[in-house]
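Just below is one structure, and these are the notes that go with it.
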Amino acid sequence: MTSITTLLLDADGVTQYNRTFLERMNVLLDGRATMPEVSRVEALSLTGQRDFEADLREFLDERGIEATTQDLFEPWLDITPDPEVLAMIAEVRGRGVDVYLGTNQQPVRGRSMTDRPELYPDIVRQFHSWQIGFAKPDPRFFTHIIDELQLDPGSTLFIDDLRPNVAAARSVGLVAEFHDREAGAAGVRAILVRHGLLDA
């Protein structure tokens with residue numbers, strides 16, 4: 001019998017994917033900026049303390065990019081949870097394990113997720129960095145969730161596709177596993193099976 005009583009999942013790269021995101025963004029950026037540069041602008045608002053839309057608009061103007069913030073939001077907000085992972089979440093919930101999302105999001109994209117509960121019908125609650133005030137890999141992201149839910153860290157499994165986030169989760173006592181996003185749903189299943197949350 002598994003000792004895991006709570007499952008905490010990252011979103012992008014674990015439960016949801018947008019496989020055309022980079023291609024669509026690069027078309028909009030029109031060679032005047034790179035996606036890593038845009039990501040640095042986004043990173044400033046992951047803790048919810050800056051106006052992401054204003055920062056992005058200023059960046060686009062500085063680079064002479066004709067696309068608007070709304071143009072860029074369109075691919076950003078194109079969120080598609082992996083149906084195989086959703087089925088696993090439902091199965092894990094059916095076994096009495098609560099499942100939560102723990103994800104870094106800026107407010108615009110974050111609200112698009114929380115305002116659409118149909119995206120994750122079996123998720124008990126979503127924890128976003130912009131709401132918490134801390135972003136992974138800051139350990140305080142995880143301690144906030146632990147304290148809020150009064151979790152036993154040693155009985156909580158966290159899965160993320162970024163190794164620094166996994167290391168931060170382990171530093172506060174969570175059972176944390178790295179997921180290679182290229183492994184897709186099969187990779188998530190392998191981790192859940194290994195921890196006794198699903199049958200092989």
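- No cation-pi contact links R125 to Y100, judged by a cut-off of 6.0 Å to the six-membered ring centre and 45° from its axis.
- In terms of the side-chain hydrogen bond (donor to acceptor under 3.5 Å, both in side chains) criterion, R116 has no residue partners (sequence neighbours excluded).
- The local environment of CD in Q150 is sparse, with at most 12 non-hydrogen atoms from other residues, nucleotides or ligands closer than 6.0 Å.
- With sequence neighbours left out, the side-chain contact (heavy atoms from CB on, under 4.5 Å) criterion links T80 to D78.
- Salt-bridge formation is not detected for the pair R109/E42: no Lys NZ or Arg NE/NH1/NH2 atom is positioned less than 4.0 Å from an Asp or Glu carboxylate oxygen.
- Residue-environment remark: CZ (R95) exceeds the threshold of 12 foreign heavy atoms within 6.0 Å.
- Considering only heavy atoms from C-beta on, L77 comes within 4.5 Å of V108 through its side chain.
- Listed for the R93 side chain is a donor-acceptor partner under 3.5 Å among the backbone atoms of D122.
- Between the side chain of E23 and the main chain of T20, no donor-acceptor pair closer than 3.5 Å is present.
- Looking at D55 and R50, a side-chain N of the basic residue comes within less than 4.0 Å of a carboxylate O on the acidic one, giving a salt bridge.
- V92 has its side chain within reach of L198: a pair of non-hydrogen atoms, C-beta onward, lies under 4.5 Å apart.
- Judged by distance alone, the side chain of T69 and the main-chain N or O of L56 form no donor-acceptor pair under 3.5 Å.
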